[in-house]
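Single-structure report; data block below.
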Amino acid sequence: MVPDVNLIITTDILLTRTFHFRGLWNVPYLTNCYLINATLLKRYDRRELTFNKPNLDPDMAFCSNLRELDVFMYFIHKDYKDAIKPETADRQPCPDVYWWPIATEKFCQALINIMESYGKWSSGNNDDDRLEGGYEAVPTRDIHMTQVGFDNHWLYFLKKYVQPLQQKVFLGYYHDPPRSLMNFVVRYRPDEQASLRPHHDTSTFTINIALNQVGIDYEGGGCRFIRYNCSVIDTKPGWIMMHPGKFTHYHEGLTVTKGTRYIMVSFVDP
Ligand SMILES: O=C(O)CCC(=O)C(=O)O
Ligand SMILES: [Fe+2]
């Protein structure tokens with residue numbers, strides 16, 4: 001249950017609840033259900049948050065009314081559509097490390113919230129019973145997408161949004177759908193795990209999406225590619241970094257000195 005959701009609208013029923021308890025409701029004939037973030041109800045005129053409009057079915061009417069109220073509903077970064085164009089230059093902060101806008105800050109915050117409300121961060125030790133071999137050589141404090149039930153959604157995201165970027169820069173490499181066994185959010189904190197020692201990833205290529213803001217949410221951090229003595233430290237929430245996983249791209253996670261740094265990492269096509 002999402003904690004800040006306190007209203008369910010269906011095409012037939014309006015239910016207002018504060019979800020002080022969790023449970024199952026036996027609602028007969030339920031066909032559509034929208035979970036609405038309660039903060040919207042405070043910000044917008046409730047009479048305008050309707051799902052009626054001439055000649056539109058309730059779903060379309062609802063979305064249309066939200067758009068008119070300027071409720072932003074997109075998780076993909078507004079500049080992503082330009083990033084995938086062949087004529088748009090690909091930023092390369094370090095050799096063979098590419099960098100593009102992909103997701104909105106809202107998306108990043110939602111992902112952090114999901115992980116923090118789940119809360120079962122790994123111990124950061126080598127023993128890891130989530131893995132087949134039970135052992136992680138370079139452990140991070142993390143939560144896997146499988147643990148929060150979002151693995152399939154993430155694989156879809158990799159196919160639909162990440163693959164077109166990869167196809168721009170790492171040619172002749174194509175798997176459909178892309179395979180990725182490790183998809184996880186990492187948390188760095190000075191008093192927990194502040195850095196990650198030099199390593200190779202178990203991937204063909206790795207994606208690393210910054211989820212929060214250096215200088216505001218945390219200080220320090222970033223990723224250093226040792227062979228090139230090149231670091232990406234001015235990361236931006238919703239920007240995806242992509243680099244080869246092995247051999248040339250031996251890398252480390254730099255020390256977070258203050259606050260909490262979150263990143264989303266996938267090891268693609270291992
Ligand atoms: O902190 C970083 O940006 C690097 C993370 C990383 O290398 C990993 O999770 O494998
Ligand atoms: Fe890594």
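These numbers come from a predicted model, not from an experiment. We count ligands from 1, going down the list as the structure has it; atoms in each ligand are counted the same way. Atom set for the values below is all heavy atoms of this structure, side chains included, hydrogens, waters and symmetry mates excluded.
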Please round to the nearest 0.5 Å and tell me the distance separating atom OG1 of T235 and atom CD of Q213. 7.5 Å

So Y250 and H200, would you call those rings parallel, tilted or perpendicular, with 30° and 60° as cut-offs? tilted

Can you tell whether the side chains of R187 and E192 come within less than 4.0 Å, N to carboxylate O? yes

Considering only heavy atoms of D201, which atoms of ligand 1 have at least one such atom less than 4.0 Å away? 10 (O)

N208 contact mode with ligand 1 (heavy-atom cut-off under 4.0 Å): side chain

May I ask you to check whether E252 has an N/O atom sitting below 3.5 Å from an N/O atom of ligand 1? no

Residue-atom pairs from the protein, N, O or S only, that lie under 2.8 Å from the Fe ion (ligand 2): H199 NE2, D201 OD1, H251 NE2

Could you establish whether H199 and ligand 1 come within less than 4.0 Å of each other, counting only heavy atoms on the residue side? yes

Is it true that D151 and T146 share a donor-acceptor pair across their side chains at a distance under 3.5 Å? no

With heavy atoms and a 4.0 Å threshold, my read on which part of I263 contacts ligand 1 is side chain

Those atoms of ligand 1 less than 4.0 Å from some heavy atom in Y188: 1 (O), 2 (C), 4 (C), 5 (C)

Proximity flag R261 to ligand 1, non-hydrogen atoms under 4.0 Å: yes

Is there a donor in the side chain of S203 and an acceptor in the side chain of D201, or the other way round, less than 3.5 Å apart? no

Report yes or no: do Y188 and S195 form a side-chain donor-acceptor pair below 3.5 Å? no

Logged contact type for L196 with ligand 1, heavy-atom cut-off 4.0 Å, is side chain

Any chance the side chains of S122 and R141 put a donor and an acceptor closer than 3.5 Å? no

Can you tell me if T140 and D142 form a side-chain donor-acceptor pair at under 3.5 Å? yes

Regarding E105 and K236, does a basic nitrogen lie under 4.0 Å from an acidic carboxylate oxygen? no

Indicate whether any N or O donor in one side chain lies under 3.5 Å from an N or O acceptor in the other, for H199 and H251. yes

Atoms of ligand 1 under 4.0 Å from any heavy atom of F267, numbered from 1 in the order shown, are 10 (O)

